[in-house]
Amino acid sequence: MDETEFWEIIDASREAAEGDPEEQAELLVERLTRLDPDSVLDYARHFEARFNRAHLWDLWGAAAVLFDGVGDEAFDSFRCWLIGQGREVYEGAVHDPDALAELLGDFDVEIDGDGEEIGFAADEAYEALTGSETPELGLPVPDKEPLGAPLDLLDDDVLAERLPRLWERFGTV
């Protein structure tokens, strides 16, 4: 599976789910179980590589603005959701997290941003196909700390300064 096929699967599931991340996760599992196990592992590698690439301080700050604060588990879930939004939103946000102000439509904290199940779709599909857990994917172990300049995720002034467009649109006042 190449990168284009990966994003096609993500896009098709998001569109069919009409933006509901839980439904998208279910559709991903359905779609992936129609593939062979090696293709599911390829998908998992693409997903994990993008998940690791999105481990950025400014992206964590963006999640903090959108959720009015976010811990490390919620940030992991946010990164899964971000991948589920498709290539344009994902690449735009990784390149410039402040661009989420323009890349996102409405953002409902009750529905949006929680993509934990999207992150487990490949594991569920692989286990359904093989009866085994997903093996190691052979990807480099990411740094424990996000990349980029650290920021205080609890300081509204810092978030507003680092992510001004996002803060203007979604920040608390």
Side-chain angles (χ1 to χ4, degrees), residues 1-64 66-67 70-97 99-100 103-105 107-109 111-148:
M1 172 178 303
D2 65 18
E3 184 175 11
T4 299
E5 291 170 303
F6 168 80
W7 286 117
E8 286 171 354
I9 291 170
I10 293 288
D11 290 341
S13 66
R14 183 188 69 258
E15 290 166 12
E18 298 178 352
D20 181 326
E22 288 182 20
E23 177 70 17
Q24 183 178 6
E26 291 174 16
L27 292 169
L28 281 168
V29 172
E30 285 177 26
R31 172 72 167 89
L32 292 172
T33 54
R34 294 193 304 249
L35 302 174
D36 62 87
D38 287 339
S39 294
V40 174
L41 291 178
D42 286 344
Y43 170 92
R45 283 184 195 93
H46 282 290
F47 193 95
E48 191 71 19
R50 278 145 194 83
F51 179 81
N52 293 342
R53 184 173 166 225
H55 197 223
L56 306 168
W57 275 111
D58 281 355
L59 203 50
W60 199 339
L66 291 167
F67 286 106
V70 63
D72 56 348
E73 288 181 19
F75 180 50
D76 288 349
S77 181
F78 175 79
R79 289 186 288 158
C80 292
W81 175 83
L82 187 63
I83 295 165
Q85 296 309 292
R87 186 179 211 162
E88 181 182 342
V89 172
Y90 171 82
E91 292 291 344
V94 168
H95 177 71
D96 176 12
L100 282 169
L103 292 169
L104 295 179
F107 187 85
D108 181 345
V109 296
I111 298 169
D112 297 322
D114 183 2
E116 182 178 20
E117 296 302 317
I118 293 170
F120 291 122
D123 294 331
E124 287 183 38
Y126 188 83
E127 188 169 341
L129 289 169
T130 67
S132 301
E133 290 185 11
T134 306
E136 288 297 319
L137 298 173
L139 296 174
V141 177
D143 292 332
K144 290 185 189 251
E145 284 294 310
L147 296 176

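Residues take their numbers from the sequence shown, with the count starting at 1. Just so it is clear, the values below take in all heavy atoms, side chains as well, and ignore hydrogens, waters and symmetry mates. All values reported here derive from a predicted model rather than from experimental measurement.
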Open item on the list: Within the structure provided, determine whether Thr134 and Val40 are in side-chain contact (heavy-atom separation under 4.5 Å).
Closed with: no
- [ ] Just jot down the ring-ring contact (aromatic ring centres under 6.0 Å, His included) partners of Phe78, sequence neighbours excluded, or say none.
- [x] Trp81
TODO: Would you check if Phe51 and Leu82 make a side-chain contact, meaning some heavy-atom pair closer than 4.5 Å?
DONE: no
TODO: Would you give the length of the straight line joining atom CZ of Arg34 to atom CG of Leu129, rounded to the nearest 0.5 angstrom?
DONE: 11.5 Å
TODO: Check for a donor-acceptor pair, side chain of Trp60 on one end and backbone N or O of Val70 on the other, with a separation under 3.5 Å.
DONE: yes
- [ ] State the NE2-CG distance between His55 and Leu147, to the nearest 0.5 angstrom.
- [x] 8.0 Å
Task: Flag, side chain of Arg87 to backbone of Trp7, donor-acceptor distance under 3.5 Å - done: no
Open item on the list: Counting only heavy atoms from other residues, nucleotides and ligands, does the tally under 6.0 Å from CD of Glu5 exceed 12?
Closed with: yes
Open item on the list: Here's a test for you: under side chain to side chain contact (heavy atoms under 4.5 Å, CB included), which of Glu26, Arg31, Gln24 qualifies with Leu28?
Closed with: Gln24
Task: NE2-OG1 distance between His46 and Thr4, expressed to the nearest 0.5 angstrom - done: 9.0 Å
TODO: Verify side chain to side chain contact (heavy atoms under 4.5 Å, CB included) between Leu104 and Leu66, making sure each step is shown before the conclusion.
DONE: CA-CA 11 Å; Leu104 295 179; Leu66 291 167; 4.0 Å; yes
TODO: Just jot down the salt bridge (charged side-chain N to carboxylate O under 4.0 Å, His left out) partners of Glu91, sequence neighbours excluded, or say none.
DONE: Arg53
Open item on the list: Centroid separation under 6.0 Å, is that true for the rings of Tyr126 and Phe120?
Closed with: no
TODO: Identify the heavy atoms of Ala125 and Val29 that sit nearest to each other, and give their distance.
DONE: CB-O, 4.1 Å
TODO: Determine whether Cys80 and Phe47 make a side-chain contact, defined as any pair of heavy atoms from C-beta on separated by less than 4.5 Å.
DONE: yes
Task: Under 3.5 Å donor-acceptor, Asp20 side chain and Glu22 backbone - done: yes
TODO: Could you give me the CA-CA distance, side-chain angles and deciding distance for Ser39 and Asp42, then say whether side-chain hydrogen bond (donor to acceptor under 3.5 Å, both in side chains) is met?
DONE: CA-CA 5 Å; Ser39 294; Asp42 286 344; 5.0 Å; no
Task: Residue pairs fulfilling salt bridge (charged side-chain N to carboxylate O under 4.0 Å, His left out) with at least one residue in residues 112-134, sequence neighbours excluded - done: none
Open item on the list: I need the minimum non-hydrogen distance between Gly84 and Ile10, along with the two atoms involved.
Closed with: O-CG2, 3.7 Å
Task: Nearest heavy atoms of Phe75 and Ala54, plus distance in Å - done: CZ-O, 3.6 Å
Open item on the list: Quick check for you: to the nearest 0.5 Å, what is the distance between Asp36 atom CG and Met1 atom CE?
Closed with: 8.5 Å
Open item on the list: Quick check: closest heavy atoms across Ala122 and Ala44, and the distance to 0.1 Å?
Closed with: CB-CB, 3.8 Å
TODO: Might you work through the side chain to side chain contact (heavy atoms under 4.5 Å, CB included) test for Ile118 and Ile83, ending with a clear yes or no?
DONE: CA-CA 9 Å; Ile118 293 170; Ile83 295 165; 5.8 Å; no
TODO: Measure across Leu56 and Pro146 and return the closest heavy-atom pair with its distance rounded to 0.1 Å.
DONE: C-CB, 3.7 Å
Open item on the list: Between Leu35 and Ile9, is there a side-chain heavy-atom distance shorter than 4.5 Å?
Closed with: yes
- [ ] Go through Asp96 and Asp58 one step at a time and tell me if the side chain to side chain contact (heavy atoms under 4.5 Å, CB included) criterion holds.
- [x] CA-CA 8 Å; Asp96 176 12; Asp58 281 355; over 6 Å; no
- [ ] Taking the side chain as every heavy atom from C-beta outward, state whether Gln85 and Tyr90 have any atom pair closer than 4.5 Å.
- [x] no
Open item on the list: One pair to check against side chain to side chain contact (heavy atoms under 4.5 Å, CB included): Asp38 and Tyr43. What are the steps and the verdict?
Closed with: CA-CA 9 Å; Asp38 287 339; Tyr43 170 92; over 6 Å; no
Task: Crowding at CD, Glu3 (>12 non-hydrogen neighbours, <6.0 Å) - done: yes
